[in-house]
Student: 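Have a look at this one before I ask anything.
Protein chains get the first letters and strands the later ones, always in sequence-line order, with residue 1 at the start of each.
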2 protein chains.
Amino acid sequence: MRISEVTAHSGVPATTLRYYEQLDLIRSTRTTNGYRDYAPEVLERLSFIGVAKKMDLDLEQIKWLLDVTETGTCTNTRDALHPVLTERLREVEDSIRKLEELRVVLASSLEHVATCPDSSEPCQSECAFKSLA
Amino acid sequence: MRISEVTAHSGVPATTLRYYEQLDLIRSTRTTNGYRDYAPEVLERLSFIGVAKKMDLDLEQIKWLLDVTETGTCTNTRDALHPVLTERLREVEDSIRKLEELRVVLASSLEHVATCPDSSEPCQSECAFKSLA
DNA sequence: GTAAACCTTCGAGTCAGCTAGAAGGTCAAG
DNA sequence: CTTGACCTTCTAGCTGACTCGAAGGTTTAC
């Protein structure tokens, strides 16, 4: 397949495909005229990358997973995926906890701002955030 | 106060103070020798900035809030803060929802990976992510 | 008097994941 | 034969919030 066909099938822009190749996430051979030539398996790879990206894994982690998957057995893949996903799950749960805290602070700030004494006089600065400092 | 004193009291690095000044988040006068001279109020301002940053407001929003706070009355401050915090709350709640979804997907992926048939034979690639593609 | 500690500006570098543009080669249709 | 669609490489830019280094001036302590 030529690069435009891969784009058509995967939705991944040609520039991004070249970028991924630069990072060794995907590979291609060359035709006689120098054009990139992709094996159909690249589509599976791109789909894997897409899913992994949705899990907020970065490209370096994804490359690592692809490398292990490619060179290893299912056992290896499983052994590789498990800690990565576990770690990512921990991070996501962490983010959720922090955002929950932030949500509470924001909600109470809104409360504070809403009940802040109205006055046409200039008042002391930062009053809206005073309870949070 | 000189810049190092502000750093000592606030914990904000001197380079960052200069950067903030460049963005008009804080101000300073100059001594005869050209050194920056800070009024004590800068510490309140930095504390405000710190709190606002914890709420994931970006520096542009923070500058805007500081400007309104400085030039206006409490009413203005309140009127300014309310929509910003409301919007931020909406964003945070959005992020929480998305991360919750991701958490569920990650947990079920982990489940899938854990129960993936063990084999010393090489197996079909991407099996661990197959259910998610 | 000199060394250390402080201050200045300016420009560039960092992170990730692309994206865009220039300058040029290749190929199929009309 | 030329137009237009496709392909190539290379370089540079984008986002935000810093951070660092060079090259130099100032002040303080001994």
Student: Can you pull out how bent the helix from C/dG1-D/dC30 to C/dG30-D/dC1 is, comparing the axes over its first five and last five pairs, to 10°?
Tutor: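 If I round to tens, the end axes sit 30° apart.
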Student: For a 4.0 angstrom threshold against heavy atoms of chain A, report the outermost contacting nucleotides of DNA chain C in 5' to 3' order.
Tutor: C/dG17 to C/dC27
Student: Starting from the 5' end of DNA chain D, give me the residue, A/I3 or B/E60, whose nearest nucleotide shows up first.
Tutor: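 It is A/I3 whose nearest nucleotide is closer to the 5' end.
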Student: Any idea which heavy atoms bring B/Y35 and B/R2 closest together, and the distance?
Tutor: CD2-CD, 4.2 Å
Student: Salt-bridge test for B/R18 and B/E21: reply yes if a basic N is under 4.0 Å from a carboxylate O, no otherwise.
Tutor: no
Student: Quick check against the 3.5 Å criterion: does A/R45 have a side-chain atom that pairs as donor or acceptor with the backbone of A/L25?
Tutor: yes
Student: Check side-chain contact (heavy atoms from CB on, under 4.5 Å) between A/S95 and all other residues, then give those that pass, not counting sequence neighbours.
Tutor: B/L99
Student: By a strict heavy-atom criterion of less than 4.0 Å, which residues belonging to residues 11-29 of chain A are in contact with DNA chain C?
Tutor: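 Output list: A/P13, A/T16, A/Y19, A/Y20.
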Student: Compare all side-chain heavy atoms of A/I49 with those of A/L66 and state whether any distance is below 4.5 angstrom.
Tutor: yes
Student: Could you list the residues that satisfy salt bridge (Lys or Arg N to Asp or Glu O under 4.0 Å) with B/E87, not counting sequence neighbours?
Tutor: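 B/E87: salt bridge (Lys or Arg N to Asp or Glu O under 4.0 Å) contacts with B/R90.
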Student: Base contacts versus sugar-phosphate-only contacts with protein, heavy atoms under 4.0 Å: please encode nucleotides 25-30 of chain D as B, S and - from 5' to 3'.
Tutor: BBS---
Student: I'd like to check B/E101 versus B/V105 (side-chain heavy atoms, cut-off strictly below 4.5 Å). Are they in contact?
Tutor: no
Student: Could you list the residues that satisfy side-chain contact (heavy atoms from CB on, under 4.5 Å) with B/T16, not counting sequence neighbours?
Tutor: B/V12, B/P13, B/Y20
Student: Test: side-chain hydrogen bond (donor to acceptor under 3.5 Å, both in side chains). Region: residues 3-15 of chain B. Which pairs qualify, not counting sequence neighbours?
Tutor: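 Residue pairs passing side-chain hydrogen bond (donor to acceptor under 3.5 Å, both in side chains), neighbours aside: none found.
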Student: Just jot down the side-chain contact (heavy atoms from CB on, under 4.5 Å) partners of B/T32, sequence neighbours excluded, or say none.
Tutor: none
Student: Got a sec, which residues hit salt bridge (Lys or Arg N to Asp or Glu O under 4.0 Å) with B/E60, two or more places apart in sequence or on another chain?
Tutor: none
Student: Can you see if the side chain of B/K63 gets near the phosphate of D/dG16 - specifically, an N or O under 4.0 Å from OP1 or OP2?
Tutor: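 B/K63 to D/dG16 OP1/OP2: no side-chain N or O under 4.0 Å.
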Student: Excluding sequence neighbours, so at least two apart, what forms side-chain contact (heavy atoms from CB on, under 4.5 Å) with B/T29?
Tutor: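 Scan of B/T29 (side-chain contact (heavy atoms from CB on, under 4.5 Å), adjacent residues dropped) gives B/D37.
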Student: Mind calculating the distance between CG (B/L46) and C1' (D/dC18) to the nearest angstrom?
Tutor: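 Rounding to the nearest Å, CG of B/L46 and C1' of D/dC18 are 15 Å apart.
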Student: Taking salt bridge (Lys or Arg N to Asp or Glu O under 4.0 Å) as the test, write out the residues that go with A/R88, two or more places apart.
Tutor: A/D56, A/E91
